Asker: 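Please see the structure below; I have some questions.
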Protein chains: 2
Amino acid sequence: MTRILVVDDEPQILRALRINLAARHYEVAVAADGGAALRQAADWQPDLIMLDLGLPDIDGVDVIHGVRGWSSIPIIVLSGRASNQDKIDALDAGADDYVTKPFGIDELLARVRAVTRRAAVQDEELAQVQVGEHVVDLSRKTVSSGVRLTPTEWHILEILLRNPGKLVSQRQLLAEVWGAKFVKETHYLRQYMVQLRRKLEADPAHPAHLITEPGMGYRFMP
Amino acid sequence: MTRILVVDDEPQILRALRINLAARHYEVAVAADGGAALRQAADWQPDLIMLDLGLPDIDGVDVIHGVRGWSSIPIIVLSGRASNQDKIDALDAGADDYVTKPFGIDELLARVRAVTRRAAVQDEELAQVQVGEHVVDLSRKTVSSGVRLTPTEWHILEILLRNPGKLVSQRQLLAEVWGAKFVKETHYLRQYMVQLRRKLEADPAHPAHLITEPGMGYRFMP
DNA sequence: GCCGGTCTTGACGGGTTCCATACGCCATCA
DNA sequence: TGATGGCGTATGGAACCCGTCAAGACCGGC
């Protein structure tokens, strides 16, 4: 189910959007200011953000920057300001679409579908990945032959599998799984890479798919 | 260079868009009706399509369907019809954005950047450089034929490859890789240039791509 | 309160990478 | 022709990183 974070400081708009989106079977969370929005975006990991530019604490464009610093979640801007420069600033900051109030709910929903369409295509393609003898299903969180993974193991494996063939730095893995304060704790990774290889590799001592790049990071080889 | 196909039946709009886009260094092709648009899209392989809905031969939504049948090229719809249903139909047919005439050229350009941004991210990942017999992929941190590089080797090679044909001073290399305090330790560089040439050059004693400029620095020749 | 699974933390051996030193070659210039 | 400076190459030890084992801490369900 698609998770949408709605950010607006007007309670009645928040309420109207929540009801309309929930009726279309979206999962909805709300935030009333920029600080809450950034926190929610990080904690709740929405699939899309609807962002009003006129927030009480932080300027909307800065919220976009704040999110784009670590994520490429689609962002649709809702705004009362119809001026061209506002649109340009928001879009160039990293917004995916810009809708001017007042707007029809049906148009908004169509834009939501348009923006999420691409991301959905990519996710579906990545749903199942072959790792040696095993098939990993990322959306259903299952592995063939009854292999079971712990939450932390899933988290690490997902990051690696979403970047096939690409080097993923230890720093990035530690920051995404444990948080920014743990980027030096490389032995956490060593620990879990052993576990993953034991569960997925045919010969855990000589891994063929979960590869170490000494001094740099790890890599998933399809 | 980004290639944009502009589809509109009004010659003056076609002309205005062509001039404005060309001024921003986009490569532009035009089509005046739906048939020509579908042909051009297939033949010319644009990176983005700007599509007017009011075409003389085919309905704009059907043009979108025609393109989406075989491609996921980004499509921005330009339209005089401001009705909600038109927007919804176009977006659900597969358009990425919908702009209502009249529009500001700056807003349109911002939307072009927003729509092409995601595709651009994927293109960046094709940052491959040919070094003699080998192909170096900077984003994935891989070299063809199983050649492996250490972190320091990567660091030096990246700086050189990102400045193709340009002289990079020893001072700059030492400062970037080891820090400002090491700008005199030129023997570090000699050490690692040997290693890089051994791993990448066909004849390491007579390098063809990783060139020394005596007394000044090093240069990567494509 | 007990128990199983999971996550954190510590310690150790082996291998690789990095750094330091030494030496030979070559071009330039006196 | 000899001195000099910059460069390429070889080699050894130190530091670092990784994989592995093991044990304690934490957390949930029963």
Side-chain angles (χ1 to χ4, degrees), chain A residues 141 143 146-160 167-220, chain B residues 141 143 146-158 160 167-219:
Chain A
K141 294 268 187 298
V143 185
V147 175
R148 285 190 52 241
L149 302 180
T150 73
T152 310
E153 287 165 3
W154 269 113
H155 207 156
I156 295 172
L157 188 63
E158 254 193 82
I159 298 171
L160 291 173
L167 175 78
V168 182
S169 71
Q170 331 185 51
R171 200 186 172 76
Q172 183 188 340
L173 285 167
L174 288 162
E176 281 203 41
V177 177
W178 281 274
K181 309 207 160 173
F182 293 80
V183 291
K184 303 272 176 196
E185 312 289 330
T186 58
H187 57 286
Y188 287 14
L189 282 178
R190 298 210 294 276
Q191 192 68 25
Y192 281 95
M193 290 309 295
V194 170
Q195 306 276 27
L196 282 172
R197 295 206 256 244
R198 266 211 267 266
K199 292 181 179 181
L200 297 175
E201 291 276 3
D203 181 0
H206 304 94
H209 302 97
L210 302 173
I211 312 292
T212 302
E213 298 287 349
M216 304 198 290
Y218 294 88
R219 182 198 306 279
F220 164 62
Chain B
K141 293 269 188 306
V143 185
V147 175
R148 285 191 50 243
L149 303 180
T150 72
T152 311
E153 287 164 4
W154 270 112
H155 207 154
I156 295 172
L157 187 64
E158 262 195 74
L160 291 173
L167 173 73
V168 182
S169 72
Q170 319 186 32
R171 198 187 175 76
Q172 182 187 342
L173 285 167
L174 287 162
E176 278 203 45
V177 177
W178 281 272
K181 308 201 162 174
F182 294 81
V183 291
K184 303 275 178 195
E185 313 288 330
T186 58
H187 59 286
Y188 288 11
L189 282 178
R190 298 209 293 277
Q191 190 80 8
Y192 281 96
M193 291 308 296
V194 170
Q195 305 275 30
L196 282 172
R197 295 205 256 244
R198 265 212 269 265
K199 291 182 178 179
L200 297 174
E201 291 275 4
D203 181 359
H206 304 93
H209 302 97
L210 301 172
I211 312 293
T212 302
E213 299 286 350
M216 303 167 52
Y218 295 87
R219 183 198 306 275

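Note that the structure is a prediction, hence the values are computed from the model and not measured. Numbered from 1 within each chain, the chains take letters A, B, ... in sequence-line order.
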Asker: Atom OH of B/Y188 to atom P of C/dT21: distance rounded to whole Å?
Answerer: 9 Å
Asker: Does B/Y192 put a side-chain nitrogen or oxygen below 4.0 Å from OP1 or OP2 of C/dT17?
Answerer: no
Asker: Rounding to a whole Å, what distance do you find between A/L149:CG and C/dG5:P?
Answerer: 15 Å
Asker: Take atom CZ in B/R219; do more than 12 heavy atoms of anything else shown fall under 6.0 Å from it?
Answerer: yes
Asker: Nearest whole angstrom, please: distance from the C1' of C/dC18 to the CH2 of B/W154.
Answerer: 19 Å
Asker: Could you tell me how far apart A/K199 (NZ) and C/dT6 (P) are, to the nearest whole angstrom?
Answerer: 6 Å
Asker: What's the shortest heavy-atom distance between B/E201 and B/A208, and which atoms?
Answerer: OE1-N, 2.9 Å
Asker: From C/dA20, C/dT17, C/dT6, pick the nucleotide closest to the side chain of B/T150?
Answerer: C/dT17
Asker: Indicate, with a heavy-atom threshold strictly under 4.0 Å, whether B/Q170 touches base, sugar-phosphate, or nothing.
Answerer: sugar-phosphate
Asker: In whole angstroms, how far is the C1' atom of C/dG14 from the CZ atom of A/R190?
Answerer: 13 Å
Asker: Rounded to whole angstrom units, what separation is found between the NE2 atom of B/H206 and the P atom of C/dC25?
Answerer: 15 Å
Asker: Would you say the side chain of B/I156 lies within less than 4.5 Å of the side chain of B/Y188, judging by non-hydrogen atoms?
Answerer: no
Asker: Kindly compute the distance separating CD (A/E185) from CZ (A/R190), expressed to the nearest 0.5 Å.
Answerer: 10.5 Å
Asker: Measure the spacing between CD of A/Q195 and CG of A/L210 and express it to the nearest 0.5 Å.
Answerer: 12.5 Å
Asker: Starting at CD of A/E153 and ending at P of C/dT6, how long is that distance when rounded to a whole Å?
Answerer: 8 Å
Asker: Between C/dC7 and A/W178, is there an OP1 or OP2 to side-chain N/O distance shorter than 4.0 Å?
Answerer: no
Asker: Let me know, please, whether A/T186 or A/R198 comes out on the 5' side of the other along DNA chain D by nearest nucleotide.
Answerer: A/T186
Asker: So, for B/G217 and B/L167, which heavy atoms are closest and what is the spacing to 0.1 Å?
Answerer: C-CD1, 3.9 Å
Asker: Regarding A/Q191, tell me which of base, sugar-phosphate or nothing describes its non-hydrogen contacts under 4.0 Å with the strands shown.
Answerer: base
Asker: Which nucleotide span of DNA chain D, 5' end to 3' end, has atoms closer than 4.0 Å to non-hydrogen atoms of chain B?
Answerer: D/dG6 to D/dT11
Asker: C/dT6 P sits how many Å from A/L196 CG, rounded?
Answerer: 13 Å
Asker: Under a 4.0 Å N-O cut-off, is there an ion pair linking A/E153 with A/R148?
Answerer: no
Asker: Over all strands shown, is B/F182 touching base, sugar-phosphate only, or nothing at heavy-atom distances under 4.0 angstrom?
Answerer: nothing
